[in-house]
Student: 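Shown below is the structure under consideration.
Lettering follows sequence order; numbering is per chain, from 1.
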Protein chains: 2
Amino acid sequence: MTTAAEPPVASRRGRPGYDQDAVLDVAVAVFNEHGFDATPISALADRLGLSKSALYHHFDSKEQLLGVALEEALGALEGVLVEPGATEGTATERLAFVLRGAVRVLVARLPYVTLLLRVRGNSAVERSALERRRAFDHAITALVREAQAEGSVRADIEASVATRLVFGMVNSIVEWYRPTGPEGADELAGDVLAVALDGLRTR
Amino acid sequence: MTTAAEPPVASRRGRPGYDQDAVLDVAVAVFNEHGFDATPISALADRLGLSKSALYHHFDSKEQLLGVALEEALGALEGVLVEPGATEGTATERLAFVLRGAVRVLVARLPYVTLLLRVRGNSAVERSALERRRAFDHAITALVREAQAEGSVRADIEASVATRLVFGMVNSIVEWYRPTGPEGADELAGDVLAVALDGLRTR
DNA sequence: GTCTATAAAGAGATAGAC
DNA sequence: GTCTATCTCTTTATAGAC
């Protein structure tokens, strides 16, 4: 993907030129390659084969573009928490479901979630995203605490630490997983659950 | 740490003004707050209570400053691999030692390792750091593979995937751990080993 | 070792034509 | 919807005085 510009003809809603989603996809990819702050608008323009000004027809500012991208990632992640599997069954079952769901979303929206996980709070948009990530984390921590109360998750590790460690593992997937490889999303989710719940050691 | 400038008097080698190490410590802290690319030299100058030009007396370029910081983190991590505990005993013992060592280094040099883990390859210095990280990962993967051959680590997960998942967990510590909290480095390392080797599930 | 001043380049964003 | 041209601001880095 170092060449410029797929034909704008193939745009999703059949209109000429790029539509907003197509621009967003490319922008997110380029942001992930160089880092959001290190990516000039001109880099997006080059990749799309457009001028900078043409891009400003599609969005108001670089920051707004980031906001739309982060919303996509956050919405998908938050969606997992309201699926039936996340609200029915034992705490451990729900925890396993949410872990699988997080891996599923992460793989399905890899570039968007990657961008989200690299946000550091440099602007209002970024701080708002961090706030929603924190809320997501808190929901999972509550689930872990419930599972500990059930007796199905070890209680000798604080729930907040256990959550952070396991989600650190999940989130790190964006650093190396590529959907083209030999391992599918389901297999990957299975590996994550195996390590998180049962560990690497044989018995 | 939002105020400016400790007294330069307290500098480590007793010379007037800041020495290179003091500048580096502050630079790494500010880089971590805003991201390396998003941090202008002027932000370092403000934090140190110096002018930009004065800073250029301490280093040749922003990139060189980054290089020195990354060397510190990489050197410390690579050091773990050559300690006696990493070369003696069963593969599982060595793996546990290296995991503990990585957590120890990560906590001891938290800002430097944090900076390292956020590097994306935007320059020659960054790409060289990524290369060394890859070599480190490969050494661990070999260790996991050995432990699998011993029969002490589960073989139903590919060694490279297991390594990435576990080190994803370890590395994610920089995102939340603060040495001021209730949990010490040893306790944290214990938690990491517990989850990585035995998992969250009770038996 | 630090300063003021400035160069040179690149950034985000807008104006107005087609 | 895209273009060229341009504005304004910020950036990295240097020159030269103290």
Student: Round to a whole Å and report the spacing from CG of Leu65(A) to P of dA13(C).
Tutor: 10 Å

Student: What is the distance, to the nearest angstrom, from the CG atom on Leu44(B) to the C1' atom on dA13(D)?
Tutor: 14 Å

Student: Output yes when Glu158(B) and Arg164(B) qualify as a salt bridge under the 4.0 Å nitrogen-oxygen rule, no when they do not.
Tutor: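 No, no charged N to carboxylate O under 4.0 Å.
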
Student: Which heavy atom of Phe136(B) sits nearest to which heavy atom of Leu77(B), and what is that distance?
Tutor: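 So the two residues come closest at CE1-O, 3.3 Å.
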
Student: Hey, is the main chain of Gly89(A) close enough, under 3.5 Å, to the side chain of Arg94(A) for a donor-acceptor pair?
Tutor: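 At least one qualifying donor-acceptor pair exists.
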
Student: Whole angstrom is fine here: how far is it from CG in Leu55(A) over to C1' in dA13(C)?
Tutor: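 Whole-Å distance recorded here is 12 Å.
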
Student: Of the candidate nucleotides dT11(D), dT14(D), dT2(C), which contains the atom at the shortest distance from the side chain of His57(B)?
Tutor: dT2(C)

Student: Mapping Ile41(A) and Lys52(B) to their closest nucleotides on DNA chain C, which lands nearer the 5' end?
Tutor: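 With Ile41(A) and Lys52(B) compared, the 5'-side residue is Lys52(B).
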
Student: Counting side-chain heavy atoms from C-beta on, which of dT2(D), dA13(C), dT14(C) comes nearest to Lys62(A)?
Tutor: dA13(C)

Student: Take atom OH of Tyr56(A) and atom P of dG16(C), then tell me their distance rounded to the nearest Å.
Tutor: 18 Å

Student: Do NZ/NE/NH1/NH2 and the carboxylate oxygens of Glu175(B) and Arg133(A) come within less than 4.0 Å?
Tutor: no

Student: Calculate the interatomic distance between Asp46(B) atom CG and dT2(C) atom C1'; express it in whole Å.
Tutor: 15 Å

Student: How many Å lie between CZ on Phe36(A) and P on dA11(C), as a whole number?
Tutor: 14 Å

Student: Could you state the atom-to-atom distance from CG of Leu48(A) to C1' of dC3(D) in whole Å?
Tutor: 15 Å

Student: Which nucleotide wins on minimum distance to the side chain of Ser61(B), given the candidates dT4(C), dA13(C), dA13(D)?
Tutor: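 Of the options given, the side chain of Ser61(B) lies nearest dA13(D).
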
Student: Distance criterion of 3.5 Å, no angle test: do you see the side chain of Ser42(B) paired donor-to-acceptor with the base of dT10(D)?
Tutor: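 In this structure, the two groups form no donor-acceptor pair.
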
Student: Measure from the side-chain heavy atoms of Leu50(A) and tell me the nearest of dT2(D), dT2(C), dA13(D).
Tutor: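 In terms of side-chain proximity for Leu50(A), the closest of dT2(D), dT2(C), dA13(D) is dT2(D).
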
Student: Between dT4(D), dA11(C), dT12(D), which one does the side chain of Pro40(B) approach most closely?
Tutor: dT12(D)

Student: Please state how far atom NE2 in His34(B) lies from atom C1' in dT11(D), giving the value in whole angstrom units.
Tutor: 15 Å

Student: Ignoring the backbone of His58(B), work out which of dT2(C), dT14(D), dT11(D) is nearest its side chain.
Tutor: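 So the side chain of His58(B) is nearest to dT2(C).
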
Student: Any side-chain donor paired with an acceptor under 3.5 Å for Asn32(A) and Tyr112(A)?
Tutor: no

Student: Which is more 5' along DNA chain C, the nucleotide nearest Ser51(B) or the one nearest Asp37(A)? Just name the residue.
Tutor: Ser51(B)

